Each structure stands twice: as structure tokens, then as C-alpha cells.
Protein chains: 2
Amino acid sequence: MAIPPAVNRPVGTIERAIEIMEYLKAHDTATVSEMTAHLDCAKSTTHRYMKTLAANSLLVEDDNEYQLGIRFLDYGEVARNKYRLYDEAKPRVDELAEETEEKIWCAVEEHGRSVHIYGAQGKHSVQTYARVGHRNYLHQHAAGKAILAHLPDSQITETIDRHGLPGRTPQTITDRDELWEEIEAIRDRGYAFNFQESVEGLHAVGAPITDENDTAIGAISVSGPASRLEGTILRDELPTLLLGVVNEIGINMAHP
Amino acid sequence: MAIPPAVNRPVGTIERAIEIMEYLKAHDTATVSEMTAHLDCAKSTTHRYMKTLAANSLLVEDDNEYQLGIRFLDYGEVARNKYRLYDEAKPRVDELAEETEEKIWCAVEEHGRSVHIYGAQGKHSVQTYARVGHRNYLHQHAAGKAILAHLPDSQITETIDRHGLPGRTPQTITDRDELWEEIEAIRDRGYAFNFQESVEGLHAVGAPITDENDTAIGAISVSGPASRLEGTILRDELPTLLLGVVNEIGINMAHP
DNA sequence: CCACTGATTCAAGCTACTCGAACAAAACAC
DNA sequence: GTGTTTTGTTCGAGTAGCTTGAATCAGTGG
């Protein structure tokens with residue numbers, strides 16, 4: 001979704017703190033001055049923010065250089081324990097990113113929507129709105145459609161009723177009948193495509209990870225620029241690669 | 001490193017936000033009302049905080065219940081990667097788990113406490129409270145004591161002053177003098193034992209990974225049921241095994 | 001030695017965070 | 001069914017406390 005979950009009056013202080021974390025995630029390390037330039041506020045303010053975060057071990061200070069603290073793992077673990085799939089999928093996703101050099105996502109279904117639980121980027125992978133923890137409409141992207149198609153019909157209907165079929169690009173499927181046709185096609189071939197339905201110029205393939213009842217517990221997708229993901233690469237090579245991986249994960253999940 | 005991080009004028013807003021995360025870590029899930037009772041502030045304030053955090057995927061809202069979001073993993077991974085030790089230790093820890101069939105942990109020191117940066121479980125390994133990212137008192141477990149004993153005396157004193165010696169089981173060392181004796185013993189033999197000092201019925205051995213100055217940069221431990229970890233296995237075999245591994249890691253860390 | 005860059009402190013001003021009241025919606029009692 | 005209670009949510013107003021810029025240290029290089 002990237003529907004900005006517009007909160008009424010967000011607390012600016014919290015958002016700025018998150019901005020610091022984001023910057024450190026991207027740059028690994030930063031000084032007060034460097035962060036000040038990024039945040040566009042007084043240096044003393046940045047200083048106070050970073051000291052406060054460091055005092056709580058969210059940041060670690062070393063010789064005036066700040067980094068993210070490992071305490072985040074503490075919180076992350078709690079959140080991750082909801083998804084057994086994570087441990088199984090992570091190494092495969094990393095491998096796929098290495099191999100395809102594109103962006104790989106692993107997503108699960110939760111309350112009729114998708115959650116990106118892990119992503120890895122290959123050498124040439126594109127940056128989109130997507131990020132770990134983001135929640136999406138299932139019908140808007142490849143992994144989501146792969147999941148949707150491998151749910152019981154009743155659950156699909158329920159999901160559509162509950163969330164509707166909001167559009168995102170002109171290509172997004174917003175018609176119920178059209179979506180059902182698409183679902184049938186996905187079921188036949190075993191995986192889903194995304195032709196600029198979530199982001200203009202972006203193509204993707206998604207394959208479902210299924211349990212012993214052939215019901216989806218998640219999905220993995222490869223996405224990249226439409227110019228690169230086309231022809232036999234998109235139609236044959238990537239699907240074959242993906243199907244092998246999701247099969248393996250599915251088996252490992254069934255026999256721990 | 002990691003001296004008392006007494007910050008001059010901490011930003012209250014940030015500290016309260018962290019308080020929310022802490023509460024959710026402990027309770028897994030909470031509503032606005034529940035959190036308000038905990039935070040002791042206006043309900044509208046809590047509401048605004050949680051909405052802001054949720055808008056940034058740090059929290060996930062479901063039917064008025066909030067949980068920690070997996071976005072924390074995003075940050076946690078970055079933080080873990082800064083410990084070069086992780087890459088070096090992970091394969092050895094996996095091997096040890098395979099070989100001993102018990103639970104293996106790798107921990108490092110941060111801010112006078114230990115952080116479990118990686119764990120692997122063997123065929124028969126036990127489940128305890130411990131998990132990746134978990135923060136512990138150094139004096140309460142084998143790996144922690146191994147680290148503690150291989151720090152400069154000044155830093156040991158500082159750590160004890162800052163965190164005290166809280167108990168956990170009746171066996172936990174809570175007396176300063178007794179701890180210093182234990183430290184001497186650990187220094188003599190080169191590794192530490194844990195006799196039900198962290199969990200009743202659990203024994204463990206921990207050996208420090210040291211740098212060229214013989215200062216600990218981390219530790220590895222083997223833990224299992226007291227009934228299985230005893231006698232020569234506990235006293236001789238496991239320590240020998242551990243020492244070989246930590247030596248190797250130490251050397252690899254020194255000569256990358 | 002001085003100039004320069006960076007972190008850190010502090011008083012003062014004003015932003016924006018907190019509060020409480022009011023509203024809507026749901027759950028529950030009777 | 002109606003009233004009662006308990007949720008989450010919105011909004012105006014007031015002031016706590018966040019932001020700021022200048023001043024002070026600390027460390028580097030010329």
C-alpha cells in the first residue's frame with residue numbers, strides 16, 4: 001500500500017527520530033554534523049536526539065560516530081516470531097537476489113493483506129515504495145496475487161469484500177470479474193505476473209509458498225524494470241527459478 | 001567503551017516512544033487504553049504516539065491491538081552486521097551445535113551487558129528465555145562471565161557499579177567479593193561455568209573470544225540440562241572443544 | 001600559534017506537544 | 001429495545017519542553 005497511513009497529527013519528534021534511524025540504516029554510520037545536514041535543523045537538536053537514542057541503546061556511539069544498536073534485534077525478534085517462514089525464506093531470498101541481480105521480496109498474508117517480511121536487493125535492483133514491514137493490497141502486486149490465488153475461494157471473496165480493489169496504477173486490476181479471471185490463470189500456471197500494476201515501469205513474477213493443503217502461507221517475488229524483465233526471462237526463466245525455490249521452502253516448512 | 005550514557009537533557013518524547021516499544025516487547029500486544037494506563041499520560045497522547053509509530057511501520061495495528069512491526073528487523077540486521085565477529089562466529093557456532101547437539105550462543109558486550117548476537121540449536125538443545133538480541137547481565141551466565149573476566153579490572157568495577165548484581169536463581173552470584181573470586185578462577189582456567197545461575201536445571205560452559213591484548217570481544221557458550229552436562233563432559237571435553245573454537249575465531253579476527 | 005572543524009552546553013523564545021473535553025462506535029446490561 | 005460503559009478518535013487551547021543560535025571546549029592541520 002504506501003497509502004500513506006495518514007495519521008491525523010503525527011508527532012514530529014518521533015518522525016525525526018525515525019528519520020535518524022533510516023539515515024543510519026542507509027549510511028551505516030554518521031556524525032552529529034552529518035546528520036544535522038540531513039535533517040535540516042539545529043546541530044544542538046540533532047545532538048540531543050542522538051544522545052537520547054544512544055542512552056537507550058538504540059544507537060551506539062563510538063568516537064563521535066553513531067551506528068544503529070543491536071537492541072533493534074530485540075524488538076525485531078519479537079515481531080519475527082510471528083512468522084516461522086522468515087528463517088526458512090531469508091537465505092533463499094538472499095540467494096535469489098545474488099543470482100538474478102534484481103529485487104526479491106518475501107511476503108505473507110495477514111488479515112487479508114500482504115506484509116513484506118523480508119527483502120534483498122541484487123546488484124541492479126530497483127528501489128520502490130516497498131520496504132520491510134509494509135502492508136499491501138494483495139491484488140496489487142505479484143507476490144500478493146500469488147498468495148490470493150492460492151487461498152480458498154471463500155477467503156478470497158471475504159478479502160475483496162473487506163478491502164475492496166483500490167487502484168494504484170492504470171494497470172491495477174480493479175474489477176472483480178477481471179480479478180477472478182486472473183486468479184484462474186494464476187492457478188493454472190502456478191505463479192503470478194505483475195505488469196506495472198503496482199509501479200509504473202515495473203514488472204514482477206511471484207510464486208506462492210504453500211502448505212500441505214496447497215494453501216498459500218506466503219510468496220516470493222522478483223521485480224525489476226519492465227525493460228529488463230520481459231520475454232523468455234520473465235515468462236520462463238524466472239518462473240522456473242522461483243518455483244524451485246518456493247517448492248523447497250514449502251517442503252522445509254512442512255518437515256521442520 | 002560503553003560508559004554510563006548519562007545524557008544531558010534527554011528528549012522526553014523519544015524516551016516515551018521507547019517505553020511503548022519496551023512494553024510491547026514484554027506484552028506482545030496492547031491497546032491504546034492499556035498503554036495509557038502504563039504510561040501515565042492522556043489517552044489522546046498515547047493514541048497519537050502509537051498512530052505515528054504505526055504509520056512508520058514500527059508498530060502494526062490490528063483491530064485496535066498494536067504489536068511491534070517487523071521493520072525492526074531491518075534495523076537489527078544492519079546493527080548485527082557491524083559486529084565482524086558475527087560472520088566469523090556463525091559457522092563455528094553452527095558446527096558446535098551440530099557436534100555437541102546442545103544449544104550454542106555467541107554473545108558480545110555492549111554497555112556493560114551482554115547481547116546474544118547469534119544462537120544455534122543442536123538436536124537435543126533446550127529452549128530457554130534466551131534469544132537473539134536478548135540483553136543479559138554479564139554475571140548471570142557462562143558467556144557473560146567469560147567476557148567479564150577478560151575485561152580490564154576498571155571496566156569490571158564500572159560495570160558492577162552501573163548495573164549491580166541482580167539475582168536470577170538462588171545460584172546466581174550476587175556478592176561482589178564472591179564474583180571477584182569467580183573472576184580470578186575464570187582467568188586461571190580460561191573459561192567459565194554456569195551452574196544453574198541463569199536457569200534452574202541448566203548448566204553451561206563459556207569461553208571468551210579475545211583480541212591481541214587478551215581482552216574479550218565476545219564469548220561462546222554451550223548450555224544444556226544439568227543432568228547431561230556434568231562430569232568430564234562438562235569439566236574437560238566441552239571446555240577443550242570450546243577453547244579450540246574461540247582460539248580459531250580470535251586468530252581469524254586478528255588476521256582478516 | 002592560530003584558524004578551523006567538530007562536539008557540547010545553555011538561556012531564551014516560541015513551536016508543537018500535552019491535555020481534557022467532547023464525539024462516535026461498539027460492547028454490554030438489563 | 002434503551003441506557004450504560006468502554007473503546008478509539010478529534011480538536012482547541014495553554015504551556016511544557018523542544019528548538020535555536022551563540023558561546024565554550026576539544027582536537028587537527030597549516
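We name chains A, B, ... by the order of the sequence lines, and we start the count at 1 in each one. FYI, side chains are in, hydrogens and waters are out, and symmetry mates aren't considered; it's all heavy atoms of this structure. Bear in mind that the values here come from a model prediction, so they are computed numbers and not experimental data.
- As a whole-Å value, the separation of A:I20 CD1 from D:dC18 P is 14 Å.
- Side-chain N/O atoms of A:S57 and B:R135 include a donor and acceptor closer than 3.5 Å.
- Between A:T45 and the phosphate of D:dT20, there is a side-chain N or O to OP1/OP2 separation shorter than 4.0 Å.
- In this structure, the CZ atom of A:R16 is 8 Å from the C1' atom of D:dT19, given to the nearest Å.
- Between B:M35 atom CE and C:dT18 atom P the separation is 15 Å, expressed in whole Å.
- By the 6.0 Å contact criterion, CG on B:D40 is open, its count of non-hydrogen atoms from other residues, nucleotides or ligands being 12 or less.
- The CD-P distance, from A:E34 to C:dG6, rounds to 10 Å in whole Å.
- For the residue pair A:H27/A:E34, the side-chain donor-acceptor check at 3.5 Å is not satisfied.
- OP1 or OP2 of C:dT8 sits under 4.0 Å from a side-chain N or O of A:K51.
- Contact annotation: B:R9 does not reach the phosphate of D:dT19 (side-chain N/O to OP1 or OP2, under 4.0 Å).
- Nucleic acid contact class of B:S33 (heavy atoms, under 4.0 Å, all strands): sugar-phosphate only.
- Proximity of B:S44 to the phosphate of C:dT18: no side-chain N or O atom is located under 4.0 Å from OP1 or OP2.
- Rounded to a whole Å, the CD1 atom of B:I14 is 13 Å from the C1' atom of D:dT19.
- Judged purely by distance below 3.5 Å, without hydrogens or angles, the side chains of B:Q67 and A:K82 pair a donor atom with an acceptor atom.
- Between A:T13 and A:N64, the residue anchored nearer the 5' end of DNA chain C, judged by the nucleotide with its closest heavy atom, is A:N64.
- Heavy-atom contacts from other residues, nucleotides or ligands closer than 6.0 Å to CD of A:E98 number 12 or fewer.
- In terms of phosphate contacts, A:T31 brings a side-chain nitrogen or oxygen within less than 4.0 Å of OP1 or OP2 of C:dA7.
- An OP1 or OP2 oxygen of C:dT18 is reached within less than 4.0 angstrom by a side-chain nitrogen or oxygen of B:Y49.
- Atom P of nucleotide D:dC18 and atom CG of A:L53 are separated by 13 Å, given to the nearest angstrom.
- Regarding contacts with the backbone of C:dA7, every side-chain N or O of A:H47 stays at 4.0 angstrom or more from both OP1 and OP2.
- Atom CD in A:E15 sits about 16 Å away from atom P in D:dC18, given to the nearest Å.
- Following rounding to the nearest Å, B:K43 (NZ) and D:dT5 (C1') show an atom-to-atom distance of 11 Å.
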